[in-house]
Amino acid sequence: MKLKQYTRYQIDFQGKWILPGAIFMGLSFFLRVVYYFGLTNIFTYNTGTIIMQIILPLSLCAGYIVLLRAVKLNAPGIFAILGAAFCLMVMIWNFSTGDILRILLSVVFYLLSGLVLLATAGGYLPGRLLSSGLFLALLVFRYLMYAPSFRHIGQFILELSVLCIPASLFCLTRCMKEVKNRSKTDA
């Protein structure tokens, strides 16, 4: 089965969504640093937690920001891969909560959002609306379901750090602009 590519996308670095996307990812980075290095004792965590909750997310956030703002890499596919990695990472984090509803919703929403983002950036979906809508719904749903339930400021800061990721990925989908497909005679 051959997939039909509907369109090609480029990142619109002059658009209004590029700066909010970088700000949300930077805020996620900052809040995670504040939580783990300011509000908790990092020496009490095991190696798996340090890698999965601190090193990996901070590396992905920093790489995303550098590619988006410093390098200005015009490769939506690379950003989609980073976005899918974020979705996979948050899905894995939700497995550690032990909350069955959160695990089921994360498997459905984060897996679907990551796959739709990859398909959108590859041009295999006709438009960005589905990808944008999924990340916006994910952001709103996660906030309404989980953020108000936190009693401690530390837990809320960590949840806010996670909420900034789909907000940034929503902005990324809005930064993609459609470009004309090259015909076979142009190549």
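Each residue takes its place number in the sequence, starting with 1.
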* Asked: Can Gln53 and Arg32 be said to form a side chain to side chain contact (heavy atoms under 4.5 Å, CB included), step by step?
  -> CA-CA 9 Å; Gln53 296 278 344; Arg32 190 159 290 276; 3.6 Å; yes
In Å, rounded to the nearest 0.5 Å, how long is the span from [atom1] of [X] to [atom2] of [Y]?
X      : Y      : atom1 : atom2 : answer
Cys171 : Leu169 : SG    : CG    : 9.0 Å
Leu139 : Leu163 : CG    : CG    : 6.0 Å
Asn94  : Met89  : CG    : CE    : 11.0 Å
Leu31  : Phe156 : CG    : CZ    : 9.5 Å
Leu129 : Leu134 : CG    : CG    : 9.5 Å
Leu160 : Phe30  : CG    : CZ    : 11.0 Å

* Test side chain to side chain contact (heavy atoms under 4.5 Å, CB included) applied to Ile50 and Asn46, step by step -> CA-CA 6 Å; Ile50 290 173; Asn46 61 23; over 6 Å; no
* Min side-chain heavy-atom separation Phe141-Leu105 under 4.5 Å -> yes
* To do: Report yes if some heavy atom in the side chain of Ser132 is under 4.5 Å from a heavy atom in the side chain of Arg174; otherwise report no.
  => yes
Between side-chain atoms of residues 61-74 and protein atoms elsewhere (two or more places apart, or another chain), which donor-acceptor pairs fall under 3.5 Å?
from: Tyr64; atom 1: OH; to: Ser168; atom 2: OG; distance (Å): 3.4
from: Asn74; atom 1: OD1; to: Ile11; atom 2: N; distance (Å): 2.7

State plainly whether one hydrophobic cluster holds both [X] and [Y], where clusters connect Ile, Leu, Val, Met, Phe, Trp and Tyr through side-chain heavy atoms under 4.5 angstrom apart.
X      : Y      : value
Val162 : Phe24  : no
Ile100 : Met145 : no
Leu27  : Leu158 : yes

* Verify, without hydrogens or angle tests, whether Thr173 (side chain) and Phe170 (backbone) share a donor-acceptor contact under 3.5 angstrom. => yes
* Trp93 side-chain N/O to Leu88 backbone N/O, donor-acceptor pair under 3.5 Å -> no
Which side-chain N or O atoms in residues 75-86 pair as donor and acceptor under 3.5 Å with protein atoms at least two apart or in another chain?
none

* side-chain contact (heavy atoms from CB on, under 4.5 Å) partners for Ile23, two or more places apart -> Leu19
* To do: Test side chain to side chain contact (heavy atoms under 4.5 Å, CB included) on Ile153 and Ile157 and set out the steps.
  => CA-CA 6 Å; Ile153 189 72; Ile157 286 174; 4.0 Å; yes
* Structure fact -> In short, side chain to side chain donor-acceptor pair (under 3.5 Å) pairs touching residues 9-28 with sequence neighbours left out are Ser28-Ser161
* Quick one: ring pair (Phe, Tyr, Trp, His ring centres under 6.0 Å) pairs with a partner in residues 33-54, sequence neighbours left out? -> Tyr36-Tyr45
List the atom pairs, with distances to 0.1 Å, where a side-chain N or O of residues 106-127 and a protein N or O form a donor-acceptor pair under 3.5 Å, not counting sequence neighbours.
from: Ser106; atom 1: OG; to: Arg102; atom 2: O; distance (Å): 3.2
from: Ser106; atom 1: OG; to: Ile103; atom 2: O; distance (Å): 2.9
from: Tyr110; atom 1: OH; to: Arg142; atom 2: NH1; distance (Å): 3.1
from: Ser113; atom 1: OG; to: Phe109; atom 2: O; distance (Å): 2.7
from: Thr120; atom 1: OG1; to: Val116; atom 2: O; distance (Å): 2.8

* Structure fact -> Residues Leu39 and Gly154: closest non-hydrogen pair is CD1-CA, 3.8 Å
* Asked: If you count the non-hydrogen atoms of other residues, nucleotides and ligands that lie under 6.0 Å from CZ in Phe13, is the total more than 12?
  -> yes
